[in-house]
Amino acid sequence: MQKIDRERLFGVRHTSEYENASSKYIFTPLSRALSLIIVRTPATPNQVTIFWGLLMIASSILLMFGDRTLNTIGGIGWVIAYALDYTDGDIARYKDMRSRRGGFQDRVNHRTTYPLLMFCAGFGVWYGGSSGFLNISIDSAIYLILGFTAGLGMVSIVDLGANYNSCCPETALERDEGSAAVEGKHFKNQKLFRLIMNLNPLTFTNMKILLPIFAVLGLMDVFVIFYGIFYPMAAFGRYVMLYRMVPGVVKKG
């Protein structure tokens, strides 16, 4: 069997003190195991990127049928696909096959699959005929709306930081720091902030772990309601914060 230089394969990964528990203890070990398998194959990093994007799409479609078993398979598929998202960078560096096309495809994947995930989850609850939550009668069409708002909120959360960096390159946020670069820099107690981010169900890594758990428990209606409400709220909060950080007047040099 081909011997792999693990230090070369994994040693250049970007790590952050704000890395949450699901990323550190689930996605990183899983992705490293997958990297060790994939690096021994002829697969290119761009092919890996395309594959995990397609896996996210397929896993999302499984959520549309309102079936607990298919929901669980779809949730697990999303966990594997997101772990593969970690691996393409490893493979690209190890095989010296880095390209801008890979980065472009990565961004396209996230901006198409995130809203698809949430819309399909909402559609599945609607299709499955769920019309009640905590014994409160709810029009099932509401889940379609909540699936849409959850997906829109996710894309907005992703893109608001990129939009800020485009407008204010002189004070650009660290692209890979996520909430740490936006909300975290305004949090005085950094230890408490890191604890909150570990437990925060709105962080994307935590959400992806919760997806198959909610599916197994048959609580996809709760999943859609929660994220359909709180992702748009989180996106709006980030918008307000970043809007206030943008200079109102550009000084002439």
Side-chain angles (χ1 to χ4, degrees), residues 22 27 49-85 104-134 136-163 178-179 200-239:
S22 58
F27 286 111
T49 304
I50 292 172
F51 176 78
W52 64 253
L54 293 174
L55 180 56
M56 287 180 178
I57 292 173
S59 299
S60 298
I61 292 173
L62 290 178
L63 304 178
M64 298 182 70
F65 299 95
D67 179 82
R68 183 180 294 191
T69 300
L70 293 180
N71 287 342
T72 303
I73 295 172
I76 294 172
W78 256 93
V79 171
I80 295 173
Y82 196 72
L84 284 169
D85 184 12
F104 172 78
Q105 186 63 49
D106 184 280
R107 287 167 175 77
V108 170
N109 284 356
H110 288 304
R111 284 153 181 79
T112 53
T113 60
Y114 283 176
L116 182 65
L117 160 64
M118 290 301 178
F119 179 78
C120 288
F123 184 93
V125 177
W126 169 80
Y127 184 78
S130 178
S131 59
F133 173 67
L134 298 178
I136 300 174
S137 180
I138 298 177
D139 187 337
S140 60
I142 293 296
Y143 293 105
L144 294 175
I145 298 172
L146 290 172
F148 173 79
T149 58
L152 181 63
M154 287 188 75
V155 173
S156 297
I157 289 170
V158 171
D159 277 340
L160 280 167
N163 291 339
S179 293
N200 184 1
L202 296 179
T203 60
F204 291 170
T205 49
N206 288 343
M207 180 275 290
K208 293 177 181 69
I209 296 300
L210 289 173
L211 174 58
I213 293 175
F214 274 77
V216 167
L217 297 175
L219 296 174
M220 287 302 292
D221 53 345
V222 180
F223 180 89
V224 173
I225 290 173
F226 180 83
Y227 289 105
I229 294 173
F230 287 102
Y231 269 148
M233 291 176 61
F236 181 73
R238 176 168 288 188
Y239 159 75

*Parallel, tilted or perpendicular: which fits the ring planes of F27 and Y82, with parallel below 30° and perpendicular above 60°?*
perpendicular
*asked:* If you compare all heavy atoms of C120 against all heavy atoms of S60, which two are closest, and at what distance to 0.1 Å?
replied: CB-O, 3.1 Å
*asked:* Can you confirm whether Y127 sits close enough to M64 that some side-chain heavy atom of one is under 4.5 Å from a side-chain heavy atom of the other?
replied: no
_In the structure I gave you, are the side-chain heavy atoms of W78 and T113 within less than 4.5 Å of one another anywhere?_
yes
_L202 backbone acceptor or donor facing Y231 side chain under 3.5 Å_ = yes
*Which pair of non-hydrogen atoms, one from G218 and one from D221, has the smallest distance, and what is that distance?*
O-OD1, 4.3 Å
*Looking at side-chain heavy atoms only, is the closest gap between L211 and F223 below 4.5 Å?*
yes
*If every non-hydrogen atom of V224 is compared with every non-hydrogen atom of G147, which pair is closest and at what distance?*
CG1-N, 4.0 Å
*Please round to the nearest 0.5 Å and tell me the distance separating atom OH of Y114 and atom CD1 of I157.*
10.5 Å
*Mark yes or no for whether Y227, through its side chain, and P201, through its backbone, hold a donor-acceptor pair below 3.5 Å.*
yes
*asked:* Please find the pair of heavy atoms, one from V79 and one from K208, that lie closest to each other, and give the distance.
replied: CG2-O, 3.4 Å
*Nearest 0.5 Å, what's the CE-CG distance between M56 and L116?*
11.0 Å
*asked:* Using every non-hydrogen atom in the two residues, find where M220 and N71 come nearest and quote the distance to one decimal.
replied: CG-ND2, 3.5 Å
*So how far is it from I76 CD1 to L62 CG, rounded to the nearest 0.5 Å?*
11.0 Å
*Would you say the side chain of D85 lies within less than 4.5 Å of the side chain of N109, judging by non-hydrogen atoms?*
no
_Is it the case that atom CZ in F226 sees more than 12 heavy atoms from other parts of the structure closer than 6.0 Å?_
yes
_Closest non-hydrogen atom pair between A235 and G153, with its separation_ = CB-O, 3.7 Å
*Could you check if a side-chain atom of V155 sits within less than 4.5 angstrom of a side-chain atom of H110, using non-hydrogen atoms only?*
no
*Start with the C-alpha distance between D106 and T49, add both sets of side-chain angles, then the distance that settles side chain to side chain donor-acceptor pair (under 3.5 Å), and finish with yes or no.*
CA-CA 6 Å; D106 184 280; T49 304; 5.6 Å; no
*How many angstroms lie between OG1 in T72 and CD1 in I213, if you round to the nearest 0.5 Å?*
11.0 Å
